[in-house]
Amino acid sequence: CSDVPVVLEDGTAACLDVINSGRFDTAQIYYNAINPSAAWARVPPGWRGGQDFSGLVAACTDQDMGILNIRVWAGGVLANPVPPQRLFVMTSGTDMGNEIRCAAAVRSALGDDYGSPAQAAMRFVLANQDFATRVIGITELAQLDAALDAVTKGPLPVAAVSRLEALWANGFASA
């Protein structure tokens with residue numbers, strides 16, 4: 001572990017202040033296969049997955065807060081190879097082009113080995129037991145079916161998560 005201090009973006013620092021106030025029982029935390037940084041102590045050098053949310057899950061855990069996982073499918077780009085018509089990027093450090101590029105890299109890294117793109121993305125978030133629930137947000141009934149099938153299949157295996165870790169570490173460059 002490095003002694004170099006982590007400098008978080010203002011939005012994340014403000015979230016940490018709110019969490020650490022001890023005045024809330026739950027928090028909605030952004031976490032998905034493109035940007036899982038909320039569960040990390042720090043992002044890897046060269047991080048290109050969007051806003052650095054490092055430390056949010058740990059802070060919620062320290063405050064004994066329930067954690068709701070939001071943006072499981074990153075606004076839809078992880079659920080479907082065809083980007084949604086109205087993709088809303090809600091974080092800093094990224095844009096629509098980057099979200100689409102990162103989602104394509106995630107799909108390429110996982111292939112069809114872990115179900116459909118929506119199932120693989122859902123299975124990724126299921127692996128993190130720090131979350132009390134997942135807020136998936138669906139636009140069509142087939143997405144609900146994909147989410148239910150993913151729950152039945154269970155969390156991604158370690159080998160799949162290792163593929164994603166390599167992807168995050170190299171700035172989402174194709175393997």
Side-chain angles (χ1 to χ4, degrees), residues 1-2 4 6 8 12 19 26-62 64-81 91 93-94 98-138 142-175:
C1 206
S2 171
V4 178
V6 175
L8 296 173
T12 303
I19 292 166
T26 61
Q28 293 184 8
I29 301 294
Y30 191 105
Y31 179 85
N32 57 50
I34 293 174
N35 189 340
S37 65
W40 300 342
R42 64 177 48 92
V43 295
W47 172 247
R48 300 181 83 188
Q51 185 170 343
D52 179 358
F53 293 113
S54 296
L56 291 182
V57 169
C60 288
T61 300
D62 289 347
D64 199 27
M65 293 175 68
I67 309 170
L68 291 74
N69 177 187
I70 62 167
R71 299 296 275 204
V72 169
W73 288 329
V77 295
L78 284 169
N80 191 336
T91 63
T94 192
N98 189 59
E99 293 289 297
I100 292 168
R101 179 185 70 82
C102 292
V106 167
R107 284 191 303 277
S108 177
L110 296 178
D112 296 329
D113 297 340
Y114 307 103
S116 70
Q119 290 169 337
M122 184 71 182
R123 292 180 70 193
F124 168 74
V125 301
L126 289 172
N128 189 323
Q129 296 298 306
D130 291 325
F131 293 97
T133 191
R134 278 78 180 169
V135 181
I136 57 173
I138 63 170
Q143 291 175 336
L144 178 59
D145 291 336
L148 293 172
D149 287 344
V151 171
T152 301
K153 292 176 190 242
L156 282 180
V158 173
V161 176
S162 293
R163 291 182 192 179
L164 294 174
E165 289 170 346
L167 193 64
W168 303 322
N170 74 10
F172 290 87
S174 294

Q: Could you grab the distance from atom CZ of R123 to atom NZ of K153, nearest 0.5 Å is fine?
A: 6.5 Å
Q) Is it true that a side-chain atom of W73 and a backbone atom of I136 form a donor plus acceptor pair closer than 3.5 Å? A) no
(Q) A side-chain contact here means heavy atoms from C-beta on lying under 4.5 Å apart; do I29 and F131 qualify? (A) yes
Q. Considering all heavy atoms of both residues, which atom of N69 and which atom of Y31 are nearest to each other, and what is their separation?
A. ND2-O, 2.8 Å
(Q) Whether the side chain of D130 engages the backbone of I67 through a donor-acceptor N/O pair (distance < 3.5 Å, no angle test) should be reported. (A) no
Q: Taking the side chain as every heavy atom from C-beta outward, state whether M65 and I19 have any pair of such atoms under 4.5 Å apart.
A: yes
Q. Ignoring hydrogens and geometry, is there a side-chain-to-backbone donor-acceptor pair from T26 to G66 under 3.5 Å?
A. no
**Q.** salt bridge (Lys or Arg N to Asp or Glu O under 4.0 Å) partners of D145, counting only residues at least two apart
**A.** none
Q: Can you see which heavy atom on A39 is nearest to which on N128, and at what distance?
A: CB-ND2, 3.6 Å
Q. Which pair of heavy atoms, one from W168 and one from P44, lies closest together, and at what distance?
A. O-CG, 3.8 Å
Q.
As an exercise, state the distance from SG of C60 to CD of Q28, rounded to the nearest 0.5 Å.
A. 11.0 Å
**Q.** Spatial distance of atom CZ (R107) from atom CG (D112) [nearest 0.5 Å]
**A.** 11.0 Å
(Q) Within this structure, what is the OG1-CD1 distance for the pair T133 and I70, rounded to the nearest 0.5 Å? (A) 12.5 Å
Q: Return yes if some donor-acceptor pair links the side-chain N/O of T61 with the main-chain N/O of V57 below 3.5 Å, else return no.
A: yes
Q | With R101 via salt bridge (Lys or Arg N to Asp or Glu O under 4.0 Å) - residues at least two apart | A | none
Q. Are the side chains of V77 and I34 in touch, meaning some heavy atoms are under 4.5 Å apart?
A. yes
Q. For the side chain of T12 and the backbone of D52, is there at least one donor-acceptor N/O pair under 3.5 Å apart?
A. yes
Q) Got a sec, which residues hit side-chain contact (heavy atoms from CB on, under 4.5 Å) with A120, two or more places apart in sequence or on another chain? A) L110, Y114
Q.
Tell me if a side-chain donor or acceptor on R134 pairs with a main-chain N or O of V125 at a distance below 3.5 Å.
A. yes
**Q.** Evaluation steps, side-chain contact (heavy atoms from CB on, under 4.5 Å), between F172 and V106
**A.** CA-CA 8 Å; F172 290 87; V106 167; 4.1 Å; yes
Q. Nearest heavy-atom pair of S54 and A41: which atoms, and what distance?
A. CB-O, 3.5 Å
Q: Quick one: pull up CG in N32 and OG in S37 and give me the separation to the nearest 0.5 Å.
A: 9.0 Å
Q) Looking only at atom types and distance, does a side-chain atom of R163 sit under 3.5 Å from a main-chain N or O of A109, one as donor and one as acceptor? A) yes
Q. Has the side chain of N98 got a donor or acceptor atom that lies under 3.5 Å from a matching backbone atom of R48?
A. yes
**Q.** Shortest non-hydrogen contact between L126 and V151, atoms and distance
**A.** CD1-CA, 3.8 Å
(Q) Restricting to non-hydrogen atoms, name the atom on A118 and the atom on A146 that form the minimum distance, rounded to 0.1 Å. (A) CB-CB, 4.0 Å
Q.
Given 3.5 Å as the limit, does a donor-acceptor pair link the side chain of W47 with the main chain of G50, or not?
A. yes
